[in-house]
Chemist: 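Please read through the structure below; I'll follow up with questions.
Remember, predicted model here, so these are calculated numbers, not experimental data. Throughout, a chain's letter reflects where its sequence line sits, starting with A, and its residues are numbered from 1.
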There are 4 protein chains.
Amino acid sequence: MDYAARNFAAEGYHTTSVTSIVNGLGVGKGVFYWYFASKDELLGEILGDALRSMREAQRDAIAGEPDPARRIDQGIRASLHWLSENRHLFVLMEFARTEERFAPIIRRGDDQMVADALPHVSAGITAGLLRGEDPVFLTMAILGVSGHLARTLVLEQGNDADRVAESVIAFCRQGYLATGTPALARRSA
Amino acid sequence: MDYAARNFAAEGYHTTSVTSIVNGLGVGKGVFYWYFASKDELLGEILGDALRSMREAQRDAIAGEPDPARRIDQGIRASLHWLSENRHLFVLMEFARTEERFAPIIRRGDDQMVADALPHVSAGITAGLLRGEDPVFLTMAILGVSGHLARTLVLEQGNDADRVAESVIAFCRQGYLATGTPALARRSA
Amino acid sequence: MDYAARNFAAEGYHTTSVTSIVNGLGVGKGVFYWYFASKDELLGEILGDALRSMREAQRDAIAGEPDPARRIDQGIRASLHWLSENRHLFVLMEFARTEERFAPIIRRGDDQMVADALPHVSAGITAGLLRGEDPVFLTMAILGVSGHLARTLVLEQGNDADRVAESVIAFCRQGYLATGTPALARRSA
Amino acid sequence: MDYAARNFAAEGYHTTSVTSIVNGLGVGKGVFYWYFASKDELLGEILGDALRSMREAQRDAIAGEPDPARRIDQGIRASLHWLSENRHLFVLMEFARTEERFAPIIRRGDDQMVADALPHVSAGITAGLLRGEDPVFLTMAILGVSGHLARTLVLEQGNDADRVAESVIAFCRQGYLATGTPALARRSA
DNA sequence: AATGAATGAGCATTCATTCAT
DNA sequence: TATGAATGAATGCTCATTCAT
């Protein structure tokens, strides 16, 4: 699975044939179909494992942290870290999103991640630490910044994951406005 | 190109055959290869056009706005709007990222978008309106939130693009901390 | 279709690959799937044509013969003749009978043949020429002798079709009892 | 062998895999190849047994019957009965006929059956009971009617084997001509 | 005797691409 | 310009058979 995942990520799922996987592994083609019903199923299992692994990394990272805002920070750090260590799986997730037969797996994973992070955001709001608007939106926004910057700054440009994590945390906490600047009036009525 | 782009987005690039495209268009296969050297080249042109179109939408949106922070807001609104109107192209861009032969096109587009937005962020910093840290990072963070929330909230969950844009703007401006909350000390090891 | 039919008959349907057919014909593999949706469909069309051709041969043979008994004789002659000229198609029909996905085609053909011959048998009965028991049974019995002896005597042992036809006709007319022998009493009560 | 034979008949020989047989039997694949050198050999043994069993049924049926014509009748009854009780084996025989590697087994069986029945037909002719033409032809004709009507009327249409046997006997004895009708002159060119 | 993981040749089918018309 | 028949390499998958245990 690991070998296949890395090849799928490097060459593209459709571009990587079952033949090339088993050849690269030095095994017969039959053994592939002994363990997996189909190429699609293999990708499904890779994605399922990846999502599970990522979730566990986040869970472990925030365990024992009492401050909800800090729990969020730890979650961001854990995400960036996991993503940088498993860049091939991240690439695969992005691909899966684009094919209707795999997209549900990812959407379920997204929902799960939001559901995991939501209690902490909500707790932060209750504690008066976070802006009390839509907690679901807030959660998604945090995940969005983390994911995008993991891809561009860490995976594509090779920046250090921990460094980027701190910047992401700072951005999520304060936004881009200079401290002390009064929030500008909304544009719309 | 439009017909092909919509089919690629709906069925997947690899899943959509040249035959199905020309049949759907009621033309022969020869005419396809008269205009495009290959299926890959077609996708390349679709992506190039898409990137250009998105860039123009952003350029138009911020023209004539003197306030750099407001220019950023307008850019966010334009991005969300364009993405919601061209969801098939957005899906295609996400796919292109996952195959090494198309990824450079997208990476160039990403760079371009950062380059386009950077002057406004820098101007905002100079004017003392934005936090003076890394302007490139700030730009990428803004693009990341926009892109991710466009996909999840607008494309997948069908929320209104303008509504989401305002939330994105608010998040980018202020982050998630409750106003008045002093920034927590970094967690540093 | 003719080349494929002969190969299917000689080597067996499953044993003959699409590759071997197109290679034997000196064409590319794509051309096969341009004309036939699948290997199964090809066999279906071969069988349909064969059934149609056989039926026509019988129809032509009995046209213009006023005596119903003689029409039956002519039908037998035509069947034996067609079968001897199209032994490969006969073999294919026998095979088709043994696979559930092709069997319906043959069963329909059988029904059709019975339906074609039935009026003549019935007319013979009405005219007092044929034994008045079950006309459907009589029809099937005639077809059974013809088919079996075509296979064993003509196809397998190479006897002359016309000669065999005359013997089949004689058997069907009179049975095996010596002329003048009184019919033996039935065994059961 | 019985389980395999029934599956081969129901699903087709090529369509039934060795895996599905051993799984259905709850044994490992090794045990299959311990008892049979190959899948083909298994079918060969099934066919051999089937032919032997059918032959025995016929031999038993005619034992002790002094009248040669009645021996033939009993043989017909026994054939129909055996075929209706072993329809899966009959289907398998029909299939085997269509593949060159199995056909010899069936042809040998056919020859055997003719050889078994021939003495009785010959005896009938000698006794003046049967028409004195070609005894081999007469034998084959009888077998042909029996086999064909077993398949269509008994196996396919579900009629009672004993009932069909009586009709077959009647047809074989007298043919289709109404009793008393003078044999029509041959049509000869 | 028995297991079942492993093999790999072989199969039906697809599809980007070409080119005679 | 345009057609669509033709090509054939490549793909996902099957399955009879082997063999270490």
Chemist: For E41(A) and dC13(F), what is the distance between atoms CD and C1' respectively, to the nearest whole Å?
Modeler: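 These atoms are roughly 13 Å apart.
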Chemist: Which residue lies toward the 5' end of DNA chain E, G26(D) or T19(C), if each is placed at its nearest nucleotide?
Modeler: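 Looking at the nearest nucleotide for each, G26(D) comes out on the 5' side.
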Chemist: Between E94(A) and R151(B) (salt bridge meaning N to carboxylate O under 4.0 Å), is one present in this structure?
Modeler: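 Salt bridge between E94(A) and R151(B), a charged N being under 4.0 Å from a carboxylate O: yes.
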Chemist: Is the shortest side-chain N to carboxylate O distance from E100(B) to R107(B) below 4.0 Å?
Modeler: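 Yes.
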Chemist: May I have the distance from L25(B) (atom CG) to dT3(F) (atom P), rounded to whole angstrom?
Modeler: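 So the CG-P distance, L25(B) to dT3(F), works out to 10 Å.
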Chemist: Strictly by modelled atom types, are T15(A) and E99(B) linked by a side-chain donor-acceptor pair under 3.5 Å?
Modeler: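 The criterion, which ignores hydrogens and geometry beyond distance, is satisfied for E99(B) and T15(A).
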Chemist: Could you note down all residue pairs passing ring pair (Phe, Tyr, Trp, His ring centres under 6.0 Å) where residues 91-110 of chain D supplies at least one of them, sequence neighbours left out?
Modeler: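 Listed by first then second residue: Y13(D)-F95(D), Y13(D)-F102(D), H14(D)-F95(D).
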Chemist: CG/N23(D) to OG/S17(D) distance, rounded to the nearest 0.5 angstrom?
Modeler: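 If we round to the nearest 0.5 Å, N23(D):CG and S17(D):OG are 7.5 Å apart.
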Chemist: From C-beta outward on V27(C), which listed nucleotide comes closest to its side chain: dT13(E), dT7(F), dT17(F)?
Modeler: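 Of the candidates, dT7(F) comes closest.
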Chemist: Take atom CG of N23(D) and atom C1' of dA2(E), then tell me their distance rounded to the nearest Å.
Modeler: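 To the nearest whole Å, that distance equals 15 Å.
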Chemist: Give the rounded distance in Å between these two atoms: CD of E11(D) and C1' of dC15(F).
Modeler: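 From E11(D) CD to dC15(F) C1': 16 Å.
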Chemist: Any base atoms under 4.0 Å from V22(B), or only sugar-phosphate, or nothing? Heavy atoms, all strands.
Modeler: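 Answer is nothing: V22(B) stays at 4.0 Å or more from every strand.
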Chemist: Rounded to whole Å, how long is the line connecting atom CZ of F32(B) with atom P of dT18(E)?
Modeler: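 In whole Å, dT18(E) P and F32(B) CZ are 12 Å from each other.
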Chemist: Check this one for me: any side-chain N or O of Y33(C) less than 4.0 Å away from OP1 or OP2 of dT14(E)?
Modeler: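 False: Y33(C) side-chain N/O out of range (4.0 Å or more) of dT14(E) OP1/OP2.
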Chemist: Look at the side chain of V31(D) and decide which nucleotide, out of dT3(E), dG12(F), dA16(F), has an atom nearest to it.
Modeler: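 Looking only at heavy atoms from C-beta outward on V31(D), the closest nucleotide is dT3(E).
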Chemist: Using Watson-Crick and G-U wobble pairs with both distances under 3.5 Å, what is the 5'-to-3' dot-bracket string of DNA chain E, with [ ] for crossing pairs and | for pairs outside the strand?
Modeler: .||||||||||||||||||||
Chemist: Roughly how many Å is it from OH in Y13(C) to P in dC11(E), rounded to a whole number?
Modeler: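 Checked: the OH to P distance equals 13 Å.
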Chemist: Please tell me which of the listed nucleotides, dA16(E), dC13(F), dA16(F), lies nearest to the side chain of S17(D)?
Modeler: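 When the side chain of S17(D) is considered, dA16(F) is the closest of dA16(E), dC13(F), dA16(F).
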Chemist: Provide, to the nearest angstrom, the distance between the CD1 atom belonging to I21(D) and the P atom belonging to dG4(E).
Modeler: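 I21(D) atom CD1 is separated from dG4(E) atom P by 17 Å.
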Chemist: Which is true for Y35(C) with a 4.0 Å heavy-atom rule: it touches a base, it touches only sugar-phosphate, or it touches nothing?
Modeler: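 The answer is sugar-phosphate, as Y35(C) gets under 4.0 Å only of primed atoms, P, OP1 or OP2.
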Chemist: Would you kindly compare W34(D) and T15(C) by the position of their nearest DNA chain E nucleotide and give the one closer to the 5′ end?
Modeler: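 Here W34(D) is the residue nearer the 5' end.
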Chemist: Do D2(D) and R6(D) have side-chain heavy atoms sitting under 4.5 Å apart?
Modeler: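 Side-chain contact under 4.5 Å: yes.
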Chemist: Taking CZ from F36(C) and P from dT14(E), how many angstroms apart are they, rounded to a whole number?
Modeler: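 Going from CZ in F36(C) over to P in dT14(E) covers 15 Å.
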Chemist: State plainly whether the residues D111(B) and R108(B) are in salt-bridge range, i.e. N to O under 4.0 Å.
Modeler: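 Salt bridge: no.
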Chemist: With nearest nucleotides of DNA chain F determined for H14(A) and V18(D) from heavy-atom distances, which residue corresponds to the more 5′ nucleotide?
Modeler: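 The answer here is H14(A).
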Chemist: Could you tell me which non-hydrogen atom of L47(A) sits nearest to which non-hydrogen atom of A96(A), and how far apart they are?
Modeler: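 Looking at all heavy atoms of both residues, the closest pair is CD1-CB, 3.5 Å.
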Chemist: Does the base of dT17(F) carry an N or O that pairs as donor and acceptor with the side chain of K29(D) under 3.5 Å?
Modeler: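 Donor-acceptor pair under 3.5 Å: yes.
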